[in-house]
Amino acid sequence: MLPEFLKNQILLGDVKDWLPEFPDSSVDLIITSPPYADSRAAAYGGVCPEKYVEWFLPISAELKRIIKPTGSFVLNIKERIENGQRHTYVIELILEMKKQGWLWTEEYIWHKKNCFPGKWPNRFRDAWERCLHFTVSKKFEMNQDSVMVPMGNWRHSRLKALSATDQARDNSRLQSGFGKRVANWVGREKAYPTNVLNMPTECGNKGHSATFPVELPTWFIKLFTSEDEVVLDPFVGSGTTAIAAKNLSRQFVGIDLNEEYVRLAKNRLELPEELTVPVPKGPLV
Ligand SMILES: C[S@@+](CC[C@H](N)C(=O)[O-])C[C@H]1O[C@@H](n2cnc3c(N)ncnc32)[C@H](O)[C@@H]1O
């Protein structure tokens with residue numbers, strides 16, 4: 001259980017100093033967007049791509065200790081371009097986290113649907129980011145009905161005249177084990193979403209250069225937690241995850257190194273500005 005003094009707090013300091021204060025199995029969902037390798041270094045420090053995995057692994061080891069067996073860890077990350085190529089630190093990180101015992105359960109794509117065009121000599125504008133979903137067990141909490149979407153107009157034509165195949169379970173001819181019965185969707189108002197999340201980037205000035213839209217953590221919090229459960233963002237920035245958690249009546253904890261961002265997050269959450277929690281003892285080794 002998360003001790004009361006950590007609940008609904010934005011903690012100032014290095015994540016590596018704070019995580020040892022969290023008891024084992026005390027957090028239901030971790031969702032975060034850590035500093036990407038070297039990017040925005042001027043704004044909040046960067047980690048060089050070659051050192052990124054080495055920097056992150058002690059953190060992911062601690063996150064694994066504090067997450068509940070039914071919990072989820074959603075990591076919003078994207079590899080930067082170096083010398084004209086995508087760097088491979090995200091792929092390397094996934095492999096190393098699997099060695100730590102994490103299950104790489106799914107990958108969601110955040111499609112930034114308001115991205116405007118640009119011109120580069122060798123690629124197009126980057127309009128998506130990874131949201132890697134890690135768990136510690138195959139049986140984790142997942143409330144699929146909480147994120148259902150309207151069926152959409154496709155149903156009017158596709159479900160009007162059903163073939164014999166549509167009315168039976170049609171198994172994949174590629175032996176994938178997947179199958180579908182199209183007739184199941186007749187008369188339904190809602191369907192399950194895909195793993196591509198079409199959400200605009202945050203355009204309003206929140207006083208932080210890398211905020212994600214509140215819809216992003218909101219979607220994952222609904223999907224992977226229930227009321228009163230604990231949501232942690234170890235790189236909380238302007239507090240977006242904490243706001244989403246609060247709006248959904250979950251407990252939140254956020255950590256950030258930068259005093260200005262902590263103040264900003266506390267303002268957005270209407271928390272008192274003064275430090276209410278003792279500063280932790282020391283860093284992870
Ligand atoms: C990509 S931003 C997060 C933005 C956030 N998702 C939001 O919506 O505002 C990453 C944050 O990590 C913080 N940070 C960087 N290194 C840190 C560390 N070692 N411990 C805690 N926070 C850190 C930065 O100050 C920055 O605010």
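Start at 1 and go down the list; that is how both ligands and their atoms are numbered. On a predicted model such as this, the values are computed, not experimentally measured, just so you know.
For the pair N184/R181, a side-chain contact is recorded, criterion being any heavy-atom separation below 4.5 Å from C-beta on.
Taking the six-membered ring for Trp and the full ring otherwise, the centers of F220 and Y108 sit less than 6.0 Å from each other.
A side-chain contact (heavy atoms from CB on, under 4.5 Å) with V236 is found for exactly one of T240, L232, D233, namely D233.
Looking at ligand 1, you won't find any N or O of P35 less than 3.5 Å from one of its N or O atoms. The shortest N or O to N or O distance between I255 and ligand 1 is not below 3.5 Å. Geometrically, ligand 1 and W55 share no nitrogen or oxygen pair separated by less than 3.5 Å. Between D14 and ligand 1, at least one N/O pair is under 3.5 Å apart.
Taking a cut-off of under 4.0 Å to the non-hydrogen atoms of T240, the atoms of ligand 1 that pass are 7 (C), 8 (O), 9 (O).
With 3.5 Å as the limit, one finds no donor-acceptor pair spanning the side chains of S249 and D228. The closest side-chain donor-acceptor pair between E141 and S72, if any, does not fall under 3.5 angstrom. E50 and H87 are linked by a side-chain donor-acceptor pair at a separation below 3.5 angstrom, with hydrogens and angles left out of the test.
For V236, every heavy-atom contact with ligand 1 shorter than 4.0 Å involves the backbone, none the side chain. Under 4.0 Å from ligand 1, heavy atoms of F212 appear from its side chain as well as its backbone.
In this pair, Y52 and F56 present their aromatic rings parallel. The plane angle is below 30°, not in the 30 to 60° band.
Ligand 1 has at least one atom lying under 4.0 Å from a heavy atom of G13.
Relative to atom 10 (C) of ligand 1, the option among P234, S33, G237, S238 with the closest non-hydrogen atom is S33. Of the options L257, D256, N258, the smallest heavy-atom separation from atom 24 (C) of ligand 1 is shown by D256.
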